[in-house]
2 protein chains.
Amino acid sequence: MVVKRLPVYLRVLNELKDEAVDIVSSHELARRTGFSSEQIRKDLACFGALGTRGLGYRTDVLRERIRSVLGLDRTLNVVLVGAGNLGTALARYTLSRETGINLVAVFDDDPEKVGRRIEDVEIRAMADLAGVLAEQGVRVAILAVPASAAQGVTDLLVAGGVEAILNFSPAKLDGRGKAYVKNIDLAIELQSLAYYASGEAGRAGTSGA
Amino acid sequence: MVVKRLPVYLRVLNELKDEAVDIVSSHELARRTGFSSEQIRKDLACFGALGTRGLGYRTDVLRERIRSVLGLDRTLNVVLVGAGNLGTALARYTLSRETGINLVAVFDDDPEKVGRRIEDVEIRAMADLAGVLAEQGVRVAILAVPASAAQGVTDLLVAGGVEAILNFSPAKLDGRGKAYVKNIDLAIELQSLAYYASGEAGRAGTSGA
DNA sequence: AATTGTGAAACACTTCACAGCC
DNA sequence: GGCTGTGAAGTGTTTCACAATT
């Protein structure tokens, strides 16, 4: 799928911007991303011819185009639910990097945690969730709650208008036909690694999620 | 790819074990995993016919078979490099769950952190890395260091015999033909979500990594 | 000469359809 | 009747080969 590669292009384009490189070829992008040059040309062609034959692609044009396609040219308000170890780390990670993503609030149902801050974002009670979603026009959420609570929280998020959920809990979630759910299950990733370390797989630098 | 689904089956089989269910059909597995029943039968058939026609699969047999295929029937020693926010959270996560994975050590190059403990695992200096890898027969590593350090650490890990690396740093890593590298880039996942929240994508519960 | 853009071929993965079995 | 196992068809993605452009 194309969309998984776009943020990779964006990362490289940001690096190129720092290096003050104006023009880049699909071959150079291939070297830096690990994708094939043909695939890169196909990807880039699919949102309008941008390159110049014999020369390459203008980095600034490409960067803005990808940001626009991803919707990162508009501010993206995100909430995180679950302020445990993983949730807190994810919050700090999101806040610390220039990803174009604005974490507006963190929620947890533990009264002990409510009122604390992660950097300058307050941890709020679940009761406030619907209000914040509506007020801030939040359409993306990160979920880092126990599996048993995951579907319930998902339903609250969907009811509040959230359209995309990044789910770190080990549960199969139903977006109720309204939200896209992307699962990242760390236990699954670790257990998959066991397989690759057992010697069965081909040895190659593979670009995962 | 089959191997990404095996840990999902394993999770469901563990749930079924808790529920004292002895036999399960591909349809029930489909309901619980979100995969299609045909796909499940194909997956399970690929490591030997295990089901009984008209009945289903024996959960205990299936569970042991999958654990064996994944290599989880043998103890899997894992190290983690990088004890920042994310690394620490990953360490706690790995230690807190019954994943069949044994975190033997955490490494960091910050002298401030060396000597501290995460649960009962000590944070050690990078200088100790090669020794621990050899002594404990470590073949899997988790990488949560800044992008700039990632390839250097990868080379140390590969030199020490590591065969699979779960990489959380935003960098394309080269396993030098010896190690399988699986990337999980949180920034990429978040930026991809922006796309799905912009209304371009079909609305369905999608099972990601 | 170098590079993009793209139809065609190759490949991988998923779904369909149904035979075989309990 | 219900379920597994599987060849065949379908679908989506990647690679190949090369024409078109600067």
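Only heavy atoms go into these numbers, but all of them, side chains included; no hydrogens, no water, no symmetry mates. Sequence lines set the chain letters: A, B, ... in the order given, protein chains first and strands last, and positions in each chain run from 1.
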Legend entry - Under-4.0 Å salt bridge between B:E28 and B:R32: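 Result for this pair is yes, salt bridge flagged.
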
Inset, instruction - Describe, in one word, how the ring planes of A:Y196 and B:Y180 are oriented to each other, choosing from parallel (under 30°), tilted (30 to 60°) and perpendicular (over 60°). - result: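 Taking B:Y180 first and then A:Y196, their aromatic rings lie parallel (interplane angle under 30°).
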
Side-chain N or O of [X] less than 4.0 angstrom from OP1 or OP2 on [N]?
X: B:Y57; N: D:dG5; value: yes
X: B:T52; N: C:dC22; value: no
X: B:S26; N: D:dT4; value: yes

For the side chain of [X], counting heavy atoms from C-beta on, which of [options] is nearest?
X: B:S25; options: D:dC3, D:dG7, C:dT3; answer: D:dC3
X: A:E38; options: D:dA17, C:dT15, D:dT4; answer: D:dA17
X: A:R41; options: C:dT15, D:dT4, C:dT4; answer: C:dT4
X: A:K42; options: C:dT4, D:dC16, D:dT4; answer: D:dC16

Inset, instruction - Report which part of the nucleic acid B:S37 touches: base, sugar-phosphate, or nothing (heavy-atom distance under 4.0 Å, all strands). - result: nothing

Inset, instruction - Using a 4.0 Å heavy-atom cut-off across all strands, classify B:L44 as base, sugar-phosphate, or nothing. - result: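 Nothing: the residue B:L44, judged by heavy atoms under 4.0 Å, touches no strand.
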
Inset, instruction - Would you please say whether a donor-acceptor pair under 3.5 Å links the side chains of B:R139 and B:N77? - result: no

Inset, instruction - Using modelled atom types only, decide if a donor and an acceptor are shared between the side chain of B:T154 and the backbone of B:L173 within a distance under 3.5 Å. - result: no

